[in-house]
Protein chains: 2
Amino acid sequence: MSENVGRWLRDEIENAILSNEFSPGERLDEMVLANRFGVSRTPVREALMQLDAIGLIEIRPRRGAVVIDPGPHRVYEMFEVMAELEGLAGSLAARRLNDEAREAITAAHKRCELSAKAGDSDEYYYANEEFHKAIYAASRSEFLQEQCTQLHRRLRPYRRLQLRVRNRLSTSFSEHCAIVDAIFAGNGDEARRLLRAHVGIQGERFSDLVASMATR
Amino acid sequence: MSENVGRWLRDEIENAILSNEFSPGERLDEMVLANRFGVSRTPVREALMQLDAIGLIEIRPRRGAVVIDPGPHRVYEMFEVMAELEGLAGSLAARRLNDEAREAITAAHKRCELSAKAGDSDEYYYANEEFHKAIYAASRSEFLQEQCTQLHRRLRPYRRLQLRVRNRLSTSFSEHCAIVDAIFAGNGDEARRLLRAHVGIQGERFSDLVASMATR
DNA sequence: AATGCCATTCTTGTATACACGATGCTTGAC
DNA sequence: GTCAAGCATCGTGTATACAAGAATGGCATT
């Protein structure tokens, strides 16, 4: 546990929300949370204020906190922004690539290949996360990296759902291949274009998303 | 004042930071703030936790809160991301433009023109803000709009400094003209390209930024 | 029987009290 | 004279107490 309870609680509750333990729309009672974690209301409130500031929950004055339900359209908008930021990260990565970043990307890409060929969608999920994070890091823009990581976290549950769709695994991996080629070739524009397409949700993938969101 | 003191304080302190009343690196004492605003430490702490979550201040455990000093390089990175998001907003605006948005952009553009011709850099600053916000709104992506607005707020002090540079006013305005043309023509790619260039800090503008940051 | 109003109760918002850790100053020893 | 160690003081971290507003249930009235 982190050194102060407030921060620890923030992470704990954030994880609970992102792993869907607290469903969208659910009310978060301060006393219930306090009892559950064995602390007083004060650090719980501090954690909730932070989650409110981040945008994960909404605190309505005198009426308590509820988990925000983004809704399909808003999730789509979030993917749209994510695609743009990843595109930028890719383009910067292509320009600023160094040995360390190249190795990190190669390693993550290899891991994706193995799990994709094994058809292990859970393992691919983690490998995919590592792959994208390697690209963020390769951009060598700390701020961009933070923004990407944060958005990535918030979109986690939906990404996971998407991987379940048809043969998304092999499609995703072949897109990764092209992205790696573009970055390693120093072709920033191409990397940007490919990443935007890879991350964004166009056409039928939006209805896939809506369908998978409905069945939770 | 907002209905709960915590949120009010958050906005209050946030404004104080963004208007440079609290300088980067400055320590924010909880009791001092509590006395200044005539409240107890509790809501002050809640406000600080939120600002920490947003990234405006840093709370080091048991050592208090300090205003984050982004430093020139990080500010550059923030402008880089801002440019990308504004580019996306512009491209969406070009595709999704409706009458309402067109009028809002036209009005803000007109206001920019007047203040630019008058050489009133303060007035241009506000008109410029309205212009960019009109474009965010025209993108009709709530999430993107929020992200843009938030980043815009954080970059406020630096934007203001930039306008003081040489004949940035007229340069900025002529860029606006091209942007408006592209959006109204429905040319998303061009709007994106122009906005990226308009917002980003290339070449000498970075050293201008560094110079202006040094002299505060 | 249904609806509206009032009271009770529950939960949030704020203040205060207490505890623990960090920082800085003073004193003593080398 | 300088450096280190210990103590004191200040400030943060957490708990608890108290106040105020919202929700809910019951009672009365139509």
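Chain identifiers are assigned alphabetically (A, B, ...) following the order of the sequence lines, protein sequences preceding nucleic acid strands; residue numbering begins at 1 within each chain.
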Residue closer to the 5' end of DNA chain D, A:Arg63 versus A:Val39 (nearest nucleotide): A:Val39
ring-ring contact (aromatic ring centres under 6.0 Å, His included) contacts in which one or both residues fall within residues 58-93 of chain A, not counting sequence neighbours: A:Tyr76-A:Phe206
Out of D:dG11, C:dG13, D:dT14, whichever nucleotide has its closest atom nearest the side chain of A:Val5: D:dT14
Salt bridge (charged side-chain N to carboxylate O under 4.0 Å, His left out) involving A:Arg154 - partner list, sequence neighbours excluded: none
A:Glu146: side-chain hydrogen bond (donor to acceptor under 3.5 Å, both in side chains) partners, not counting sequence neighbours: B:Arg74
Distance, rounded to the nearest Å, where B:Arg62 contributes CZ and C:dG21 contributes P: 6 Å
All side-chain hydrogen bond (donor to acceptor under 3.5 Å, both in side chains) counterparts of B:Tyr124, not counting sequence neighbours: B:Ser172
Close N/O contacts between protein and nucleotides 5-7 of chain C (under 3.5 Å):
none

ring-ring contact (aromatic ring centres under 6.0 Å, His included) against B:Phe22, all qualifying residues, sequence neighbours excluded: none
Validation row: B:Leu85, B:Val199 side chains within 4.5 angstrom (heavy atoms): no
Nucleotide C:dG13, atom P - distance to CG of A:Leu28 in whole Å: 13 Å
Length of the CE-C1' vector between B:Met31 and D:dT9, whole Å: 15 Å
Under-4.0 Å side-chain N/O to phosphate OP1/OP2 contact, A:Arg60 with C:dT11: no
Side chain to side chain contact (heavy atoms under 4.5 Å, CB included) partners for A:Glu12, two or more places apart: A:Trp8, A:Phe37
Value in whole Å for how far the C1' atom of D:dG13 lies from CH2 of A:Trp8: 15 Å
Nucleic acid contacts - residues 40-48 of chain A versus DNA chain C, non-hydrogen atoms under 4.0 Å: A:Arg41, A:Arg45
Length of the CZ-C1' vector between B:Arg27 and D:dG11, whole Å: 7 Å
Between D:dG13 (P) and B:Asp52 (CG): distance, integer Å: 10 Å
Within-4.5 Å side-chain heavy-atom neighbours: A:Arg140 and A:Leu92: no
Rounded distance in Å - CE (A:Met49) to P (C:dT14): 8 Å
Whole-Å gap separating C1' (D:dG13) and CD (B:Glu30): 9 Å
Sequence neighbours excluded - ring-ring contact (aromatic ring centres under 6.0 Å, His included) pairs with any residue from residues 83-111 of chain B: B:His109-B:Phe131, B:His109-B:Phe173
